[in-house]
Amino acid sequence: MSLMKRTKIKDLLNTTEFGQQVTVKGWVRTFRNNQFIAINDGSSINNIQAVVDFTTTEESVLKRITTGSAVSVTGQVIESLGKGQRVEIKVEQLEIIGDCDAEKYPLQPKKHSLEFLREIAHLRFRTNTFNAVFKVRNALAYAIHKFFNERGFVYMHTPVITGSDAEGAGEMFRVTTLDLDNLPRTEDGSINYKEDFFGKSTNLTVSGQLEGELAALAFGEIYTFGPTFRAENSNTTRHLAEFWMIEPEMAFYELDDNMDLAEELLKYVIRYALDNCSDELEFLKGRLQEEEKQKPQNERSELDLITKLNFCLENDFERITYTEAIQILKNSKPNQKKQFKYLIEDWGADLQSEHERYLVEKHFKKPVILTDYPAEIKAFYMKQNSTDEQGRNTVRAMDILFPGIGEIVGGSQREESLEKLERRMKEMHIPVEEMNWFLDTRRFGSVPHSGFGLGFERLVLFVTGMTNIRDVIPFPRTPKNAEF
RNA sequence: UCCUGAGUAGCUCAGCCGGUUAGAGCAUCUGACUGUUAAUCAGAGGGUCGCUGGUUCGAGCCCAGCCUCAGGAGCCA
């Protein structure tokens, strides 16, 4: 440790105290003209320029100032003599803390493709783009806790390892300590899970909702925010095998209250990011514009990133029922001209992503909340509406669709009637016996309640303007990829 | 999992109709310059053309299988 305390570059870039002596420690981004070191310490997306006197500095030291090396510089803060930056440091003492072999270091002072950076995810934090992305991710995570805390919600930690395989939210990852090369068998030849660590078959959670409901029916309002695992073989820009999900669950909330909360939450955290990450968002806005220059005019976004986020805050989300959505889609140009791959003909069909995109990006041009889906295409726990005049059965579901992302929130009012819930579970072949603990909420003091799941990475995608979900989580886990 | 496209130097890419010695820019190294802004200028080094097999006198290029990546679809958050 040197004697002087280190100053963070973020603070230094805003300083007006010229002449003060400071020490800055960070990593070299570029070394120009044998005298200008651009140093970044992660505190800001911007670098500080440190100027070394190459006539008095040993050449062997100058040679070691390479892109990626870690340095400590001490010197006077002065108004920059050159253009392009306000402040710089006149270096009096320079120490190479950690060398970086320029021949082997993969990051160069040039534009790299996101695909390449994904292969070196352990180093991509050192780039401007990922500095900005993960600062925004951090701000959004904090804002979520702040939002719920301000409203008296209890942060509940639901289990990561679960023993129930009845959640019905997709394929699960198995958790076991059994020797896979020598599995214990029962008399009939099936695997004997009694010998496994938990004495039963266990998996990684696909949702904390069911446990969340238990807590909500005691604390009133709770939320979970944790990792979630789906073993789906999904290869898209918006799916991960390991992702983070926020799942609030509220007693005494009906569907409208649920939608109000979700809309309020999304607007709150977006506003928080705008208020606290202006440098990062400004950078990401520029990055997106650069990227879109490659695209044909009609595929570019109409609004720049920051305008888009503000637009989102200033407008109410459009709320329509599934039945209304089908009407709109049926009469839409792409449907009548048969441009949709899947044409909308009858009530009851699940909406394809081309339909969701049409509603959000072409028809309403803002976030849309779709409600009251056909019961057939939704989960067992959703509250059943009474059958309508045309004999249609719907449930009190609500999905929030965002432009460019698709479904960002999926939720519903929950079925609080024990009788109706049990009947539905039997219809959908869900083992009622195993779910007795869950059904107890309906047996003992059941109340109307609601909740939703918000995909955290999808939120980060939207706010940062990134287009691939693998670029908004530090170490993405996707089929055939669990590096680092 | 399905459809489409891609894989050539450290990175980004070009490589004609199958033809003999596979190129460029950036990066790296060497030198020059010294208030630069992804510094500039000059020179040099750098290749298992994804893997395996096949067709051919001859394959980076054609064929088959496989692997990986990207985009779209499905599943969903």
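In the text below, chain A, chain B and the rest are named by the order of the sequence lines, each starting its count at 1. Computed over heavy atoms, backbone and side chain alike; hydrogens, waters and symmetry mates excluded.
- Contact annotation: the side chain of A/Glu249 approaches that of A/Arg414 to within less than 4.5 Å [non-hydrogen atoms, C-beta and beyond].
- Residue contacts shown for A/Phe243 include a base, since a base heavy atom lies under 4.0 Å away.
- Scanning residues 97-108 of chain A for heavy-atom distances under 4.0 Å to RNA chain B yields A/Ala102, A/Glu103, A/Gln108.
- Looking at A/Ser332, its side chain does come within 3.5 Å of a backbone N or O of A/Leu329 through a donor-acceptor pair.
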Contact list (N/O, under 3.5 angstrom) for nucleotides 67-74 of chain B vs protein:
residue : atom : partner  : partner atom : Å
B/A70   : OP1  : A/Arg118 : NH1          : 2.7
B/A70   : OP1  : A/Arg470 : NH1          : 2.9
B/A70   : OP2  : A/Arg470 : NH1          : 3.2
B/G71   : OP1  : A/Asn468 : ND2          : 2.9
B/G71   : OP2  : A/Asn468 : ND2          : 3.2
B/G71   : OP2  : A/Arg470 : NH1          : 3.4
B/G72   : OP2  : A/Thr237 : OG1          : 3.4
B/A73   : OP1  : A/Ser353 : OG           : 3.3
B/A73   : OP1  : A/Arg357 : NH1          : 2.9
B/G74   : OP1  : A/Gln352 : OE1          : 2.6
B/G74   : OP1  : A/Ser353 : N            : 3.2
B/G74   : OP2  : A/Ser353 : OG           : 2.7
B/G74   : N2   : A/Asn233 : O            : 3.1

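- At distances below 3.5 Å, not a single donor-acceptor pair connects side-chain atoms of A/Ser234 with backbone N or O atoms of A/Thr236.
- Ring geometry for A/Tyr155 against A/Tyr223 counts as parallel: the plane angle stays under 30°, on a 0 to 90° scale with 60° as the upper cut.
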Summarise how protein sits on nucleotides 32-43 of chain B as a single string, 5' to 3': B when a protein heavy atom is under 4.0 Å from the base, S for sugar-phosphate-only contact, - for no contact. --BBBBBB----
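- For the pair A/Gln209 (side chain) and A/Glu247 (backbone), a donor-acceptor distance under 3.5 Å is absent.
- Across the C1' atoms, B/G7 and B/C49 are found 10 Å apart, a figure rounded to whole Å.
- Using a distance-only test at 3.5 Å, with no hydrogens or angles considered, no donor-acceptor pair links the side chain of A/Arg470 to the main chain of A/Arg477.
- For the pair A/Ser450 (side chain) and A/Tyr253 (backbone), a donor-acceptor distance under 3.5 Å is present.
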Under 3.5 Å, sequence neighbours excluded: what are the donor-acceptor pairs made by side chains of residues 45-52 of chain A?
residue : atom : partner : partner atom : Å
A/Asn47 : OD1  : A/Asn40 : ND2          : 2.9
A/Gln49 : OE1  : A/Arg32 : NH2          : 3.3
A/Gln49 : NE2  : A/Glu88 : OE1          : 3.2

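- A distance of about 15 Å separates the P atoms of B/U12 and B/G71, rounded to the whole Å.
- Between the C1' atom of B/A6 and the CG atom of A/Leu114 lies a distance of 17 Å, rounded to the nearest Å.
- A donor-acceptor distance shorter than 3.5 angstrom exists from the side chain of A/Glu324 to the backbone of A/Thr321, with no hydrogens or angles considered.
- Aromatic stacking is not marked for A/Phe456 over B/A77, as the cut-offs of 5.5 Å for the centres and 30° for the planes do not both hold.
- Atom C1' of B/C13 sits at a distance of 14 Å from the matching atom of B/A22, rounded to the whole Å.
- Comparing the C1' positions of B/G74 and B/U4 gives a spacing of 15 Å, expressed to the nearest Å.
- Separation of the C1' atoms belonging to B/G47 and B/G15 is 14 Å when rounded to the nearest angstrom.
- At whole-Å resolution of the value, CD in A/Glu291 and C1' in B/U12 are 15 Å apart.
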Only distances under 3.5 Å count here; give the side-chain donor-acceptor pairs of residues 401-409 of chain A to other protein atoms, sequence neighbours excluded, each with its distance to 0.1 Å.
none

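- For the pair A/Lys378 NZ and B/C75 C1', the interatomic distance rounds to 12 Å; values are reported in whole Å.
- Side chain of A/Glu318 to main chain of A/Val368: no donor-acceptor pair is present (N/O by atom type, distance under 3.5 Å, no hydrogens or angles).
- Among the duplex regions that RNA chain B forms, those built from at least three successive Watson-Crick or G-U pairs under 3.5 Å are B:1-7 with B:67-73, B:10-13 with B:23-26, B:28-32 with B:40-44, B:50-54 with B:62-66, ordered by first number.
- Within the 3.5 Å criterion, the main-chain N or O of A/Lys10 finds a donor-acceptor partner in the side chain of A/Ser43.
- The nearest whole Å value for the distance from the CZ atom in A/Phe173 to the C1' atom in B/C75 is 14 Å.
- Both tests pass for A/Arg124 against the ring of A/Phe130: distance under 6.0 Å to the centre and angle within 45° of the axis.
- For the P atoms, the distance from B/U21 to B/G58 is 15 Å, rounded to whole Å.
- In this structure, A/Ile400 atom CD1 and B/C76 atom P are separated by 18 Å, rounded to whole Å.
- Because its NZ or CZ atom is both nearer than 6.0 Å to the ring centre of A/Phe462 and within 45° of the ring axis, A/Lys308 counts as a cation-pi partner of that residue.
- Taking atom CZ of A/Arg126 as the reference point, atom P of B/C11 lies 18 Å away to the nearest angstrom.
- Using a 4.5 Å heavy-atom cutoff, the side chains of A/Lys25 and A/Ser72 are in contact.
- Comparing B/G18 with B/C62, their C1' atoms sit 8 Å apart, to the nearest whole Å.
- When the C1' atom is compared between B/G23 and B/C16, the two are found 14 Å apart, to the nearest whole Å.
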